[in-house]
Protein chains: 2
Amino acid sequence: MDEQGENQATIAESLKSLGLTKYEALVYIALVRVAGATATEIHELSGVPRASVYPVLDRLIQKNLVSVSNTSPKRFNPVRPDEGVDSLMKSIESDALCAREGLNRIYLECADLERGDQELIWSTYGEENIRIRLLDLISNATESIRVFFYWGGLRKQIIQMLEEKKNSVSIEVVTDHWEGEIPESMNVWIKKPPGGHDIGPAKSLGGGVFLVDGSKAMVIMGSEEEGTSALYSEARGFVRFFTVYWNFFSSWARRKNQ
Amino acid sequence: MDEQGENQATIAESLKSLGLTKYEALVYIALVRVAGATATEIHELSGVPRASVYPVLDRLIQKNLVSVSNTSPKRFNPVRPDEGVDSLMKSIESDALCAREGLNRIYLECADLERGDQELIWSTYGEENIRIRLLDLISNATESIRVFFYWGGLRKQIIQMLEEKKNSVSIEVVTDHWEGEIPESMNVWIKKPPGGHDIGPAKSLGGGVFLVDGSKAMVIMGSEEEGTSALYSEARGFVRFFTVYWNFFSSWARRKNQ
DNA sequence: TAAATGTTGTTATAGCAAAAACAACATGAG
DNA sequence: CTCATGTTGTTTTTGCTATAACAACATTTA
């Protein structure tokens with residue numbers, strides 16, 4: 001019972017992000033449970049006020065999620081849920097396509113005109129978004145990638161990204177741990193951080209520096225309290241600062257033993 | 001200019017169905033047009049009140065559609081539109097999957113219990129929904145399909161559907177016009193309606209009758225004024241009525257010449 | 001048959017929450 | 001100081017939610 005309730009609430013939430021209102025979701029779920037119900041039965045099953053059931057059903061019919069019988073009292077039937085959901089998705093997907101095309105056109109039109117971005121430093125929050133940015137950055141590298149990271153967060157994905165580029169650009173990596181075998185075409189130095197006071201315990205805080213083509217830098221910091229955030233810039237000073245930073249740790253890592 | 005405005009409005013609508021509010025859509029579009037704008041510039045470009053720009057930008061940052069510079073004044077950058085839209089879609093798709101699974105489970109659980117549906121007659125409105133139902137009906141046919149239609153609306157799709165089943169079930173068709181060549185395994189009678197007073201001019205009104213396995217009937221009526229609607233039933237009387245109806249027109253169509 | 005009861009479908013309307021629009025204020029750089 | 005920025009409230013609007021009341025019809029009971 002409670003499990004069903006939980007489940008239903010989840011489904012309702014999902015349906016809401018497909019563009020239905022709370023009532024529309026509840027009514028549709030109720031109808032899926034007992035196909036061919038009357039308005040009153042729907043009201044009892046869904047908890048939606050009886051008078052509200054009618055306009056809600058109208059909307060659902062408009063959205064092709066419900067059909068009506070011509071009996072009296074009227075009975076209502078849900079479209080098969082997989083078809084219904086697919087139908088909603090299809091409409092959203094078409095909108096997504098439209099938005100993407102339109103926006104991309106605008107974006108590319110404007111791309112030539114401006115881009116005074118180079119001197120600015122951009123912040124990004126959240127691992128997912130950072131992952132996307134990083135992927136973009138690395139996959140557009142043309143000459144060199146220098147990486148320095150002591151951070152578990154995206155280790156696997158970072159390694160995978162680098163391996164895809166290992167034959168087309170020069171890659172140098174300093175890190176504390178490597179998963180899988182190290183490709184020959186990469187220069188990888190593995191070294192545990194000295195005491196912990198330099199970089200901090202890996203679980204609560206981790207960092208990564210990515211230098212691409214000597215002109216772009218992305219710096220990632222993850223901490224348990226404040227989530228993960230990243231800075232990206234093509235500004236000279238910014239890139240130079242982290243290049244020096246990287247050189248320092250790189251030479252430290254090359255020293256044999258500690 | 002006006003074209004751009006039209007275009008923008010369209011994009012805004014599309015973005016709204018991806019879960020953004022009007023302001024969020026407008027701000028994001030403005031930002032795509034001039035990346036790295038300040039809050040005030042965004043306000044001017046989008047028409048969104050300046051004070052509203054800030055909370056809206058916050059939400060967009062939360063949704064990983066925008067990043068901030070650490071300059072003063074702050075400057076804002078859009079995530080690349082294709083990435084942004086994809087990211088929104090991914091989240092919606094995951095919800096869709098969740099909803100579909102949950103609903104389908106409920107649906108299948110309940111499917112055994114009931115189904116007193118057989119005696120009812122169901123209405124469906126809108127060509128798209130009807131097309132889906134019809135597809136479902138025809139593709140689940142196991143023995144016979146008898147079709148009678150004088151209706152341009154879904155002609156091509158109907159023909160295509162039938163061709164897919166031509167080798168597995170017996171098919172008989174009466175219609176006024178056929179696109180493409182007629183497969184040998186189907187029985188098709190093509191005959192123009194006599195005068196127009198029986199069925200009416202094809203443009204303003206058209207109809208179709210689909211009898212499947214002798215136990216299911218779907219009747220479609222399209223009129224210019226009231227849109228397209230369909231009835232579906234497995235009720236004995238309903239099926240028998242339209243079987244007689246079909247037999248009548250079938251024998252009429254078999255008569256040589258008019 | 002006639003009155004009483006209950007149900008259905010409809011309409012009107014009040015409540016509510018999120019978003020939109022506006023106004024006011026503190027800050028900070030030139 | 002002055003202007004633009006960033007922040008904080010308040011009001012208005014909007015769309016959904018919720019309740020109440022009503023006419024039409026069917027069902028029951030006397």
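Side-chain atoms are counted along with the backbone in the values below, which use heavy atoms only and exclude waters and symmetry mates. All chains are named by letter (A, B, ...) in the order of the sequence lines, taking the proteins before the strands, and each is independently numbered beginning at 1.
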K.L.:
Salt bridge or not between B:E24 and B:K63? Use side-chain N to carboxylate O under 4.0 Å.
P.N.:
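Looking at B:K63 together with B:E24, the answer is yes, because their closest N to O distance falls below 4.0 Å.
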
K.L.:
Run the side chain to side chain contact (heavy atoms under 4.5 Å, CB included) check on B:D86 and B:K90 step by step: do they pass?
P.N.:
CA-CA 6 Å; B:D86 280 354; B:K90 231 177 70 180; over 6 Å; no

K.L.:
Say whether, by atom type as modelled, one donor and one acceptor occur between the side chain of B:S91 and the main chain of B:S87 under 3.5 angstrom.
P.N.:
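Side chain of B:S91 to backbone of B:S87: no pair is present.
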
K.L.:
Whole Å only: how far is the CG atom of B:L20 from the C1' atom of C:dA20?
P.N.:
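Rounded to the whole Å, the gap is 16 Å.
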
K.L.:
Measure from CG on B:L57 to C1' on D:dG6 and round the result to the nearest Å.
P.N.:
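Between C1' of D:dG6 and CG of B:L57: 12 Å.
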
K.L.:
So which one's nearest nucleotide on DNA chain D is more toward 5', B:T38 or B:P55?
P.N.:
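Counting from the 5' end, the first nearest nucleotide belongs to B:T38.
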
K.L.:
Between A:A39 and B:K22, name the one whose nearest nucleotide on DNA chain C is closer to the 5' end.
P.N.:
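Its nucleotide being nearer the 5' end, the pick is A:A39.
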
K.L.:
Provide, to the nearest angstrom, the distance between the CD atom belonging to B:E24 and the P atom belonging to C:dA19.
P.N.:
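From B:E24 CD to C:dA19 P: 7 Å.
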
K.L.:
Looking only at side-chain atoms of B:Y54, point me to the closest of C:dG9, D:dT5, D:dT19.
P.N.:
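Comparing C:dG9, D:dT5, D:dT19 against the side chain of B:Y54, the answer is D:dT5.
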
K.L.:
Less than 4.5 Å apart, any side-chain heavy atom of B:R75 and any of A:W122?
P.N.:
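The answer is yes, as the side chains (C-beta and beyond) meet within the 4.5 Å cut-off.
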
K.L.:
What's the closest nucleotide to the A:A51 side chain, out of C:dT10, C:dT8, D:dT5?
P.N.:
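Nearest to the side-chain atoms of A:A51, counting from C-beta on, is C:dT10.
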
K.L.:
Looking only at side chains, do B:N77 and B:S67 share a donor and an acceptor under 3.5 Å apart?
P.N.:
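No, B:S67 and B:N77 have no side-chain donor paired with an acceptor closer than 3.5 Å.
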
K.L.:
Measure CG/A:N70 against C1'/C:dT8 and give the value in whole Å, please.
P.N.:
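After rounding, the gap between these two atoms is 16 Å.
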
K.L.:
For the pair made of NE2 in A:H43 and C1' in D:dT19, what is the distance, rounded to whole Å?
P.N.:
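About 12 Å, once rounded to whole Å.
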
K.L.:
Could you state the NZ-C1' distance from A:K16 to D:dT17, rounded to the nearest angstrom?
P.N.:
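One finds 12 Å between C1' of D:dT17 and NZ of A:K16, rounded.
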
K.L.:
Which nucleotide in the set D:dA4, C:dT10, D:dT19 lies at the smallest distance from any side-chain heavy atom of A:S52?
P.N.:
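So the side chain of A:S52 is nearest to D:dT19.
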
K.L.:
Identify whether any heavy atom of B:P73 sits under 4.0 Å from a base atom; if not, whether one sits that close to sugar-phosphate; answer base, sugar-phosphate or nothing.
P.N.:
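Result for B:P73 = sugar-phosphate.
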
K.L.:
Check every strand shown and say whether B:T21 touches a base, only sugar-phosphate, or nothing at a heavy-atom separation below 4.0 Å.
P.N.:
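Sugar-phosphate contact only.
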
K.L.:
Which nucleotide sits closest to the side chain of B:R59: D:dG6, C:dT8, C:dA19?
P.N.:
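Of the options given, the side chain of B:R59 lies nearest C:dA19.
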
K.L.:
Among the candidates D:dT19, D:dT7, D:dA21, find the nucleotide nearest to the side-chain atoms of A:R50.
P.N.:
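Selected nucleotide (nearest to the side chain): D:dA21.
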
K.L.:
May I have the distance from A:D58 (atom CG) to C:dT8 (atom C1'), rounded to whole angstrom?
P.N.:
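Rounded to the whole Å, the gap is 14 Å.
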
K.L.:
Just how far, in rounded Å, is P of D:dA4 from CZ of B:R75?
P.N.:
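Distance check: B:R75 CZ to D:dA4 P gives 15 Å.
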
